[in-house]
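Here is the naming used below: chain letters follow the sequence lines, and residue numbers restart at 1 for every chain.
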Amino acid sequence: MSEALLEVSGLRTWFPIRKGVFRSVVGHVRAVDGVDLTVRAGETLALVGESGCGKTTVGRTILGLEPAREGAVRFEGVDLAALAPAELRPYRKEVQIVFQDPMASLDPRMRVREIVAEGMRSFGLGKNEAERTERVAEQLRRVRLDPDAMDRYPHEFSGGQRQRIGIARALAVEPRLLICDEAVSALDVSIQAQILNLLSELQEELGLAYLFITHDLSVVRYLAHEVAVMYLGQIVEHGPTEQIFEDPRHPYTRGLLAAVPSVDPARRSAEPVVLGDVPSPASPPDGCRFHTRCPEVFDRCSREMPEVAVRGDRGCRCFLPRATEA
Amino acid sequence: MRVLEVSDLVTGFPAGRERIHVIDGVSLYLEAGETLALVGESGCGKSMTALSILRLVPRPGRVEAGKVLLEGRDLLSLAVPDMRNVRGAEISMIFQEPMTSLNPVARVGKQVVEAIRLHEKVGVPAARERTLELFRRAGIPDAEARLDAYPHQLSGGLKQRVMIAMALATRPKVLIADEPTTALDVTIQAQILELLRELKRDFGTAILLITHDIGVVNELADRVAVMYGGRVVEEGDRSQVLGEPAHPYTQGLLRSMPGFATAHERLAEIPGVVPPPAEWPAGCRFDTRCERVLGHCRSEAPAATPVGEGHRVFCHAVASEIGEAP
């Protein structure tokens, strides 16, 4: 296992709810409510959860796009929240993001060349225009696009090709961590496979670390070294990928895995395990956040919030984690 | 008995002086009470097939040839008012995005009551009673209070349950479900799939399920038709198509799903991208991406080759293979 590149501890990101003429704060949406996670150099951590669980907000807070209310985001041991804007700047280059919708995240009026070179120019990479052009060509080759593409506009490309451009833009400033926020969710399966293969090749070539934010568990198993499962602003279980899939301990993880439709024609899934809807993060339930939907709930769950019990390289936030079967 | 039979359907859009056939000779049938899944990636024509059946193709497109028989009656030759009576009464449709298919300013119960009273001579109290029964049947908790809710007060899963209740209110012969769970989270998707399975069993409605998700196909379908480039390329029982796929496209599609791969193994890709309809090859549409392409694939559209009981494939390579075998 390699060393920690990014460490998030006790992270809270709350959004105020304002009401009335004076826009006074009447409550908070607790989008991220006490999250710890570690991304190791050159490895992939998958952050998995359903819509509204706060996974995207974790990514945005790490990037400094949302202010953290509490907690620390450490990059190689340096707490980013404690830095002045000027001191923070070099770190902005180290962490880049690839978004879900490549149509919405590329400026339709910019040529590919400008899209990829913008970050380089901002960070002073490449001495002159000619050198930057050479570097843009290199990035495009890296994502398996023809360098001739640089003089075209985003609308001239298919969804998969646009996602490659988004990756080239992110890689252009030579980051060490790439946050992929549902980066393959909008793509058709045959194209999704191309992009997933590309991401794993790039990881090998460049030693990149990924924080892979997704709702799709099947993608996670293929790509991730470690998995963190998120529910209503908290991590409920984390551990090495194969262990999470083979021996899920938290009832939510088990329900999530059981809910994935089977693709094996010899086997159909059983009845749904997790019933009902996700409660609102503006008024999360008392006690364990998952107790309103948990099939194994008992009286203590609605009164007390379980802490994350760490055993070895795994952690689980539950009073009754399923014991490892011998 | 075949409730619905579509034969040699052609739907075209004008492009300059020419017409582009986005549906090019599609034939399908639906037995009473069975579920046929129409599978394919974006732009393959699966939704357009559904719209053609309902005669809802957006202008300037139109159905140019073929037959759509509902219990022997050709829908394509019905007068407009008669067709209006078919939609929503004999064939209902549910869509991917339940938010945009419900009226945001009307209470959901009233919307279902309206749908019933549009097609049947019943009073408001009777229709309301039936709506309540349908809401309960669709698994809407606290159904009586939910009758008076507005769409924005319901979660995505509940809205889809309302849509399903509305679609079944008139006891249609055929239900067209266009990506009914695509916008939902996996735990909610599992609940809706279970509901559709129950309703299929209890109401005996024939379902035309349109989806890109092989997992959803496996959970719900009896038979499967795979579409590519406006044509059906393979058709058969669920276990045949998913278990012994014969068409190179179906094979590629199944192999590229991450669910089939083990950790950190390279995913199989289908090279290239789906060409836009204007650039579809003259012969086999999959010709540009196929690894088993033969000399005449480019010029001749393949005919159906039977490869099993009710299992047909449209592929020259498969045809020649079978032809050579004794």
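Residues of residues 221-234 of chain B lying under 4.5 angstrom from chain A, judged on non-hydrogen atoms, are B:A221 in numerical order.
Ranking B:A190, B:G243, B:G139 against chain A, the residue ahead of the rest is B:A190, based on heavy-atom pairs under 4.5 Å. Each of A:D277, A:V260, A:N197 has some count of heavy-atom pairs under 4.5 Å with chain B, and the biggest count is that of A:N197. Between chain A and the residues B:V186, B:D213, B:T181, B:T187, the largest count of heavy-atom pairs under 4.5 Å involves B:T187.
In this structure the side chain of B:V39 never reaches within 4.5 angstrom of the side chain of B:K46, judged on heavy atoms.
Panel note: side chain A:Q163, backbone A:A183; a donor-acceptor pair is recorded below 3.5 Å. No donor-acceptor pair under 3.5 Å is formed between the side chain of A:E226 and the backbone N or O of A:L45.
The aromatic rings of B:H247 and B:Y249 sit perpendicular to each other, their planes meeting at more than 60°, with 30° as the lower class boundary.
Here the CE atom belonging to B:M163 is positioned 12.5 Å from the CD atom belonging to B:Q96, to the nearest 0.5 angstrom. Rounding to the nearest 0.5 Å places CG of A:L196 at 11.5 Å from CD1 of A:I191. Taken from CD1 in B:I20 to CH2 in B:W280, the straight-line distance is 8.5 Å, to the nearest 0.5 Å.
Of the atoms belonging to B:Q189, it is side-chain heavy atoms, and not backbone ones, that fall under 4.5 Å from chain A. In this structure, chain B has a heavy atom under 4.5 Å from the side chain of A:E201, while its backbone stays farther away. Proximity to chain A is limited to the backbone of B:P271, based on heavy atoms less than 4.5 angstrom apart. Contacts between A:S200 and chain B at a heavy-atom distance below 4.5 Å are absent for every atom of the residue. With a 4.5 Å cut-off on non-hydrogen atoms, A:R267 touches chain B through its backbone but not through its side chain. No part of B:L184 comes within reach of chain A, as not one of its non-hydrogen atoms sits under 4.5 angstrom from that chain.
Shown are B:L196, B:L209, B:L208, B:L175; of these, the side-chain contact (heavy atoms from CB on, under 4.5 Å) with B:T35 is made only by B:L209.
B:N218 and B:R238 share a donor-acceptor pair across their side chains, judged by distance under 3.5 Å alone.
Taking a 6.0 Å sphere around CD of A:E204, one finds it holds 12 or fewer heavy atoms contributed by other residues, nucleotides or ligands.
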